There are 2 protein chains.
Amino acid sequence: MAKATRGSERREEALSRERIVDAAIELLDDEGENGLTFRALATRLATGPGAIYWHIANKSELLVAASDAVVARALGEVLAFAKPHEEIRRIAVVVFEAIDAHPWVGAQLSVAPWRTAMLQIFERIGRQVQALGVPGGARFTAASALVSYIIGVSVQNAANGRLLDPPVDRADFLETVSAQWKELDAQEYPFTRNVAAQLREHDDRAEFLAGIDLILTGITASR
Amino acid sequence: MAKATRGSERREEALSRERIVDAAIELLDDEGENGLTFRALATRLATGPGAIYWHIANKSELLVAASDAVVARALGEVLAFAKPHEEIRRIAVVVFEAIDAHPWVGAQLSVAPWRTAMLQIFERIGRQVQALGVPGGARFTAASALVSYIIGVSVQNAANGRLLDPPVDRADFLETVSAQWKELDAQEYPFTRNVAAQLREHDDRAEFLAGIDLILTGITASR
DNA sequence: TGGTCTCTGGAACGCCGTTCCAGAGTCCGC
DNA sequence: GCGGACTCTGGAACGGCGTTCCAGAGACCA
């Protein structure tokens, strides 16, 4: 890898793993998950598909690199807070929002877990669980539950946003689903029918944080 | 749809949506997510790809139908229990195991949520949350948190199982990852390094249930 | 018996991830 | 200053995919 030391570049801006990953992120954000193809990426970088394969092994590696970059940037925004409770909530929100802004990251995290992206989240959460005073034997469980919940909800929230092809207004979308829930069979879906109104009014982010608090309460109560 | 009333069949067993979905489930279980192609499915059904399209609109609809069938069968096994706590745990375990046995269901649930499969889980969990005595305004939040956690952990657990192409022994796999964690940078990943041993020994299912209990404790404590 | 409607399945289309490879540009030993 | 080796490029090509098309087989009705 002596490449970086080379003085001059052949192209205006030489192809590099970083430039490819950045272009991939742009493409994914602009065109959605299906928009990322090696041909489209090559066009955007003014080159051919073959050139990309010199820097990246395959599409899966490209997706891992792209999601790692997004998660790392998001976590970088969370500074050390005074109270563990607060920092856990901050990390959760930042991850939630990163996946909301880049829905393809969510899909990627559930396909290829325990790569760098997820490990970073686990580490940050784990330290705060420790700071909360959770005893050694229960830390792994508590941190795992939190991370699973954070990723799980974020992925599903992002999936909801991707549901309809023309990006539809959130309020309209909830209105529609809520109406569908109200039409459900009263025998089969009594509960869902009853909470249909709450679906329309609910705030994903607030609901998400309420879940975090539920888990934190559980962790603290059984400490 | 007067088809079902037709007395005689052209083939030994006529093609039907149900037969196609069953064959798709078999194919997915046998060959993995990438094994389901319309060509392979056509071969298994001794027909051509075009015939399948008469019964199913596209691949996405086929995947939705297949996961709905698997989840419905799994939930069907859970009878009404006396105590809501118990039934919630039973539902959680059954979903966890169904996704573990059919990992492709997990991937599907995070791509297309809020279809029948997820709704069924939500409904069953919601009723028990209500039975727990959670007040009306908090039921939606509690049920959502539980469902998100259940799906989130199950999907990630299933994704772990799919990680390596030749199905590797679970203990070996954990041993390897645990060893990798111990090799992590001490500055960057102190927590993860510390719990590496717990990763090796932990039981996914038990950990999953511990998380459920954590949330249930939280729900009960803040009731 | 002829027409219509349901259903079949093979052929073909366009796009994808990936591989191949001729060659352009750069560096290094002599 | 020159020749070979090595890095990197990008267009062409391959096999496989989801999907569409359509000629026609079989069952039903007038």
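Reminder, nothing fancy here: chain letters follow the sequence lines and each chain counts from 1. If you're wondering where the values come from, they're calculated on a predicted model, not measured in any experiment.
- Salt bridge status for A:E61 with A:R17: present, with a side-chain N to carboxylate O gap under 4.0 Å.
- Applying the 4.0 Å criterion to OP1 and OP2 of C:dG9, one finds that B:T47 has a side-chain N or O inside that range.
- B:L15 places its CG atom 16 Å from the P atom of D:dG26, with the value rounded to the nearest Å.
- Distance B:N34 CG to C:dC16 P: 17 Å, rounded to the nearest Å.
- A heavy-atom distance below 4.0 Å to DNA chain C is reached by none of the residues of residues 103-110 of chain B.
- For A:P49, the side-chain atoms get nearest to C:dT18 when compared with the rest of C:dT18, D:dT9, D:dC17.
- Regarding contacts with the backbone of C:dT6, every side-chain N or O of B:H55 stays at 4.0 angstrom or more from both OP1 and OP2.
- Ionic pairing of A:R127 and A:E123 is present here: one or more N-O contacts between side-chain nitrogen and carboxylate oxygen are shorter than 4.0 angstrom.
- Atom-to-atom, CD of B:E31 to P of D:dG16 comes out at 15 Å; the value is rounded to the nearest Å.
- Although no hydrogens or angles enter the test, the distance criterion places no donor-acceptor pair under 3.5 Å between the side chain of A:Q128 and the main chain of A:I88.
- Looking at heavy-atom distances under 4.0 Å, A:L36 makes contact with sugar-phosphate atoms alone, never a base.
- Residue A:W54 places no side-chain N or O under 4.0 Å from the OP1 or OP2 atom of D:dT9.
- Interface remark: the B:R39 side chain does form a donor-acceptor pair with the D:dG18 base, using a distance-only criterion of under 3.5 Å.
- We find that CG of A:N58 is positioned 13 Å from C1' of C:dT19, with the value rounded to whole Å.
- The CD1-P distance, from A:I56 to D:dT9, rounds to 12 Å in whole Å.
- Atom CD1 of A:I52 is separated from atom P of C:dC16 by 13 Å (rounded to the nearest Å).
- Distance B:R19 CZ to C:dT8 C1': 13 Å, rounded to the nearest Å.
- For A:F140, the ring pair (Phe, Tyr, Trp, His ring centres under 6.0 Å) partners are B:H202, not counting sequence neighbours.
- Here the side chain of A:S148 pairs no donor or acceptor atom with the backbone of B:G152 at under 3.5 angstrom.
- A salt bridge links A:R124 with A:E87: the distance from a Lys NZ or Arg NE/NH1/NH2 to an Asp or Glu carboxylate oxygen falls below 4.0 Å.
- Sequence order on DNA chain C of the closest nucleotides to A:A51 and A:F38 puts A:F38 first from the 5' end.
- Looking at the side chain of A:K59, the nearest of the listed nucleotides C:dG9, D:dT19, C:dC16 is C:dC16.
- Distance from the side chain of A:T37 is smallest for C:dC16 among the nucleotides C:dC16, C:dT18, D:dT19.
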Inset, instruction - Apply the test side-chain hydrogen bond (donor to acceptor under 3.5 Å, both in side chains) to residues B:S144 and A:E207: give CA-CA distance (whole Å), side-chain angles for both, the deciding distance (0.1 Å), then the verdict. - result: CA-CA 8 Å; B:S144 298; A:E207 216 69 49; 5.2 Å; no
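- In this structure, B:L41 atom CG and C:dT8 atom P are separated by 13 Å, rounded to whole Å.
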